[in-house]
Protein chains: 2
Amino acid sequence: MKTDTVFKRAFNDTLDLIAELRDGDALPSENALSVRLNVSRTTVRKVLAMLTEQGGVKGSGRQRHVRSTVATSRRFAEAETVPLSAQVEKGFMEWMLRDNARPGTTINELELARQFGVATTSIREFLNRFQRFGLIERRPNAGWDFKGFTTSFALELFEIREMFELRSAMAFAALSDDSPLWRQIEALREEHLSLLNEIDRRYHDFSDLDNRFHRLINSARSNRFIDDFYDIITLIFHYHYQWNKRDERQRNEVAIREHLTYIEALLSRSRAMVELACRAHLTSARETLIRATAR
Amino acid sequence: MKTDTVFKRAFNDTLDLIAELRDGDALPSENALSVRLNVSRTTVRKVLAMLTEQGGVKGSGRQRHVRSTVATSRRFAEAETVPLSAQVEKGFMEWMLRDNARPGTTINELELARQFGVATTSIREFLNRFQRFGLIERRPNAGWDFKGFTTSFALELFEIREMFELRSAMAFAALSDDSPLWRQIEALREEHLSLLNEIDRRYHDFSDLDNRFHRLINSARSNRFIDDFYDIITLIFHYHYQWNKRDERQRNEVAIREHLTYIEALLSRSRAMVELACRAHLTSARETLIRATAR
DNA sequence: ATTTGGTTTATTATGGACAAAAGCCAATAA
DNA sequence: TTATTGGCTTTTGTCCATAATAAACCAAAT
């Protein structure tokens with residue numbers, strides 16, 4: 001059966017939304033809510049039905065209004081709002097990076113399914129999509145081969161990353177002066193500066209900024225295969241950062257400074273400077289990742 | 001239930017194998033057969049059991065020998081030996097390339113399942129793996145978006161292909177003189193020449209040669225992401241060639257000549273020549289593909 | 001030391017069932 | 001006359017069941 005995480009997340013979001021209304025205010029229409037919450041109207045109706053039952057919403061049809069003071073409906077726990085696919089992804093990354101799964105291990109769908117408490121279907125679906133990340137390989141009728149989060153994985157990953165990013169950075173530098181991307185990158189420079197200013201307190205905010213920065217560069221000349229490839233980088237770094245906290249503050253500070261140099265180079269439009277700054281940054285990012293891999 | 005295409009293919013292959021033996025010859029051991037046929041001993045035993053029952057094989061244990069003259073067991077039809085996953089792939093490619101599915105179409109799993117006569121599970125599995133080809137995109141809880149086999153798909157594909165192939169070709173040219181790849185590429189040159197010689201009769205053999213040629217170049221410096229990417233090229237060209245026969249002989253002859261120039265350039269070790277030949281060939285390959293895409 | 005038989009066990013591939021979520025159309029209120 | 005709602009249908013996500021395949025075991029035989 002499908003999980004109802006969509007409904008539960010929508011329910012919680014609706015509570016947040018209601019919290020901003022005053023007692024007696026009219027609710028937005030079902031269609032409006034469906035757009036706001038990013039779910040179908042069917043789900044909106046289910047949410048409203050439950051809220052009405054619990055007394056958080058009064059009336060029916062076009063006469064629906066909020067009773068925020070009276071009924072404080074209980075939110076669903078965060079865990080109940082995360083889609084099964086995301087849970088499986090997390091479980092697998094954990095198995096791989098935290099438990100340090102050995103290169104060459106055969107992945108057993110059944111075992112993972114039991115371990116994560118889901119049906120094999122969901123594991124299979126995940127593995128089939130995860131295959132493109134280059135860490136596993138299917139052996140028909142005989143499971144999957146885990147190739148390992150190894151140094152050579154990191155090297156191959158960065159070889160491609162460097163090709164792609166250099167190309168995008170060059171395209172960025174060649175952008176016409178009236179491109180909106182210039183304003184965006186200047187805004188990102190400000191964000192970098194202010195993060196650097198409060199680095200001690202906010203260093204863990206870097207991960208998100210990093211992602212937005214590189215995706216902005218890629219967007220200078222969009223190519224679906226490059227965008228897809230960047231998903232791999234994003235995923236790997238997401239979990240890698242999350243579980244490898246050693247020197248995080250230090251690492252991030254260095255990276256921010258590299259980004260700033262990189263941004264200056266882009267703003268200068270000098271191809272040589274861009275190439276230099278881009279290469280320097282990727283080299284240090286590669287070193288960071290390699291230090292976390294298995295030999 | 002699983003299909004028994006593995007068994008049926010193994011059975012047919014065993015018949016071929018037996019055909020090369022003489023009446024009364026001893027059969028290879030079960031283990032040897034399992035290696036030859038690329039299946040488990042369990043399946044080998046099932047094959048042998050059936051053959052024995054049908055009289056194609058006499059005796060048991062170590063005293064098993066062939067009765068090729070007597071019993072001519074019937075082969076299974078080719079269609080019964082192709083794995084379901086391959087059938088689904090073919091069906092989908094047909095839907096896409098032959099029926100000219102419109103960009104923006106929503107892919108309906110249920111409908112495809114009915115159309116192909118398989119369960120939705122198999123369709124989903126295919127789509128999840130096919131996603132990396134950049135032609136479809138998942139919209140959670142709402143099917144898949146078919147992005148279309150469009151000109152911009154071809155352009156993006158070739159932008160990456162050119163980056164990858166140039167890099168590999170350079171690595172190839174820089175190979176040390178004692179690398180075994182030099183002999184391999186010279187062998188390929190001979191194959192090209194002999195194909196060119198009989199082009200009128202054998203022009204459809206080019207597709208396979210083309211594939212081996214480019215994969216050889218990629219192997220100069222192996223990178224899993226590049227190898228994976230070449231799978232996309234292979235698949236697209238496989239079906240494209242199969243259904244778009246217009247000017248096939250002419251197209252292939254041109255491509256063979258381009259390959260030969262390309263090979264000469266590699267053998268010359270001149271970076272400039274290699275770049276020129278590589279670019280020229282890819283440009284013409286791109287044109288060919290673009291002519292087949294939707295606007 | 002290898003091979004087979006006889007069994008048993010484990011895992012993968014595929015169909016099917018069903019609730020959740022999305023989508024559709026006509027009736028209705030503003 | 002247009003947005004909104006109610007009733008209904010279709011599709012997706014997930015579980016489970018089961019046959020095909022792989023794999024393991026071990027004793028007997030060459």
Side-chain angles (χ1 to χ4, degrees), chain A residues 1-10 27-34 37-49 60-64 83-85 87-88 106-114 117-128 138-144, chain B residues 1-10 26-34 37-49 59-64 83-85 87-88 106-114 117-128 138-144:
Chain A
M1 204 211 321
K2 259 181 148 169
T3 56
D4 56 356
T5 54
V6 170
F7 161 70
K8 287 175 174 164
R9 185 193 54 74
L27 270 178
S29 79
E30 293 177 357
N31 281 314
L33 282 174
S34 127
L37 300 168
N38 238 305
V39 295
S40 71
R41 192 158 72 88
T42 305
T43 302
V44 169
R45 289 200 258 182
K46 201 171 154 193
V47 168
L48 291 181
S60 73
R62 258 152 272 225
Q63 259 79 41
R64 261 195 293 245
L84 194 62
S85 56
Q87 296 174 42
V88 170
T106 295
I107 293 170
N108 185 320
E109 295 177 2
L110 213 54
E111 192 183 312
L112 286 185
R114 281 191 294 248
V118 301
T120 50
T121 320
S122 306
I123 300 289
R124 258 168 161 276
E125 170 144 350
F126 170 78
L127 293 173
N128 274 314
R138 181 203 217 105
R139 268 178 303 124
N141 292 311
W144 302 75
Chain B
M1 201 213 321
K2 258 184 152 169
T3 56
D4 55 356
T5 55
V6 170
F7 162 70
K8 286 175 174 166
R9 186 193 53 75
L27 270 178
S29 80
E30 291 178 357
N31 281 314
L33 281 174
S34 131
L37 300 168
N38 239 304
V39 295
S40 70
R41 185 154 78 99
T42 307
T43 302
V44 170
R45 290 203 253 183
K46 201 172 155 194
V47 168
L48 291 181
S60 70
R62 255 153 276 225
Q63 260 77 44
R64 259 198 294 245
L84 195 62
S85 57
Q87 296 174 44
V88 170
T106 296
I107 293 170
N108 185 319
E109 295 177 2
L110 211 56
E111 192 183 311
L112 286 185
R114 281 191 293 247
V118 301
T120 51
T121 321
S122 307
I123 300 288
R124 265 168 99 64
E125 168 141 353
F126 170 77
L127 293 174
N128 274 313
R138 182 203 216 103
R139 269 177 301 126
N141 292 310
W144 302 75

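Bear in mind the structure is a predicted one, so any value in this text is a computation, not a measurement. Order of the sequence lines sets the chain letters (A, B, ...), proteins ahead of strands, with each chain counted from 1.
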Trainee: Report the distance from atom CE of A/Met1 to atom P of D/dA17, rounded to the nearest whole Å.
Mentor: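 Whole-Å distance recorded here is 14 Å.
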Trainee: Return the CG to OG1 distance between A/Leu127 and A/Thr120, rounded to the nearest 0.5 Å.
Mentor: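 Rounded to the nearest 0.5 Å, the CG-OG1 separation comes out at 10.5 Å.
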Trainee: Counting only side-chain nitrogens and oxygens, does A/Thr3 get under 4.0 Å of the OP1 or OP2 atom of D/dT14?
Mentor: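 Affirmative; the distance criterion is met.
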Trainee: Specify the residue among B/Glu109 and B/Phe7 whose closest nucleotide of DNA chain D lies further upstream toward the 5′ end.
Mentor: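 Mapping each residue to its closest nucleotide by heavy atoms, the 5'-most match is B/Glu109.
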Trainee: Looking at every strand, decide which applies to A/Leu27 at a 4.0 Å heavy-atom threshold: base, sugar-phosphate, or nothing.
Mentor: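 Nothing: the residue A/Leu27, judged by heavy atoms under 4.0 Å, touches no strand.
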Trainee: Does the base of C/dT12 carry an N or O that pairs as donor and acceptor with the side chain of B/Lys2 under 3.5 Å?
Mentor: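 Answer yes: a donor N or O sits under 3.5 Å from an acceptor.
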Trainee: Which one, C/dA19, C/dT4, C/dC25, comes nearest to the side chain of B/Glu30?
Mentor: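 The answer is C/dT4, which lies nearest to the side chain.
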Trainee: Regarding A/Arg139, tell me which of base, sugar-phosphate or nothing describes its non-hydrogen contacts under 4.0 Å with the strands shown.
Mentor: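 It contacts nothing in the nucleic acid.
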Trainee: Does A/Asn108 make a side-chain N or O approach to OP1 or OP2 of C/dT12 shorter than 4.0 Å?
Mentor: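 Checking A/Asn108 against C/dT12: at least one side-chain N or O falls below 4.0 Å of OP1 or OP2.
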Trainee: Measuring to OP1 and OP2 of D/dG13, would you say a side-chain N or O of A/Ser122 lies under 4.0 angstrom away?
Mentor: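 Checking A/Ser122 against D/dG13: no side-chain N or O falls below 4.0 Å of OP1 or OP2.
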Trainee: Can a side chain N or O of B/Thr43 be found less than 4.0 Å away from OP1 or OP2 on D/dA22?
Mentor: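 Indeed, a polar side-chain atom of B/Thr43 lies that close.
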Trainee: Between B/Gly117 and B/Arg41, who's closer to the 5' end of DNA chain C by nearest nucleotide?
Mentor: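 The 5'-side residue here is B/Arg41.
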Trainee: State, to 0.1 Å, how close A/Thr5 and A/Pro83 come at their nearest heavy-atom pair, and which atoms those are.
Mentor: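 Between these two residues, the closest heavy atoms are OG1-CA, 3.7 Å.
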Trainee: Side-chain donor or acceptor of B/Thr121 under 3.5 Å from a matching atom on the base of C/dG15?
Mentor: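 Present.
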Trainee: Is the side chain of A/Asp4 donor-acceptor paired with the backbone N or O of A/Phe7 at a distance under 3.5 Å, no angle test?
Mentor: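 Side chain of A/Asp4 to backbone of A/Phe7: no pair is present.
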Trainee: Locate the shortest heavy-atom distance separating A/Val39 from A/Ala10; write the atom from each residue and the value.
Mentor: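 Between these two residues, the closest heavy atoms are CG1-CB, 4.2 Å.
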Trainee: Between the base of D/dG6 and the side chain of A/Arg45, is one N or O donor paired with an acceptor at under 3.5 angstrom?
Mentor: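 Result: at least one qualifying N/O pair found.
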Trainee: What is the minimum heavy-atom distance between A/Ala119 and A/Ala113, and which atoms define it?
Mentor: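 The answer is C-CB, 4.1 Å.
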Trainee: Taking the side chain of A/Arg114 as heavy atoms from C-beta outward, which of C/dT4, D/dT11, C/dT11 is closest to it?
Mentor: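 Of the candidates, C/dT11 comes closest.
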Trainee: Let me confirm one number: the CD-OG1 distance from A/Glu30 to A/Thr43, rounded to the nearest 0.5 Å.
Mentor: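 Answer for the CD-OG1 pair, A/Glu30 versus A/Thr43, is 11.5 Å.
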Trainee: Indicate, yes or no, whether a donor-acceptor pair under 3.5 Å links the base of C/dG23 to the side chain of A/Thr42.
Mentor: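 Pair found.
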Trainee: Using a 4.0 Å heavy-atom cut-off across all strands, classify A/Ser34 as base, sugar-phosphate, or nothing.
Mentor: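 Nothing, no heavy atom under 4.0 Å.
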Trainee: How many Å lie between CG on A/Leu112 and P on C/dA10, as a whole number?
Mentor: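 My rounded result for the distance is 17 Å.
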Trainee: Look at all strands and tell whether A/Thr5 reaches a base, only sugar-phosphate, or nothing, counting heavy atoms closer than 4.0 Å.
Mentor: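 Counting heavy atoms under 4.0 Å across all strands, the contact made by A/Thr5 is with sugar-phosphate only.
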Trainee: Can you see if the side chain of B/Lys46 gets near the phosphate of D/dT21 - specifically, an N or O under 4.0 Å from OP1 or OP2?
Mentor: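 For D/dT21, OP1/OP2 do have a side-chain N/O of B/Lys46 under 4.0 Å.
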Trainee: Under 4.0 Å, heavy atoms only, any strand: does A/Leu33 hit a base, just the sugar-phosphate, or nothing?
Mentor: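 Contact class for A/Leu33: none.
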Trainee: Closest-nucleotide mapping onto DNA chain D: is A/Asn141 or A/Asn31 further toward the 5' terminus? I mean the 5' end.
Mentor: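 It is A/Asn31, whose closest nucleotide lies nearer the 5' terminus.
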Trainee: Would you mind reading off the distance between A/Ile123 atom CD1 and D/dT14 atom P, rounded to a whole angstrom?
Mentor: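 So the two atoms are 12 Å apart, to the nearest Å.
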Trainee: For D/dT4 and A/Gln63 - does any side-chain N or O of the residue sit under 4.0 Å from the phosphate oxygens OP1/OP2?
Mentor: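 For A/Gln63, the contact criterion (side-chain N or O under 4.0 Å from OP1 or OP2 of D/dT4) is not met.
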Trainee: What is the distance from CG of A/Leu48 to P of D/dT4, rounded to the nearest Å?
Mentor: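 Whole-Å distance recorded here is 14 Å.
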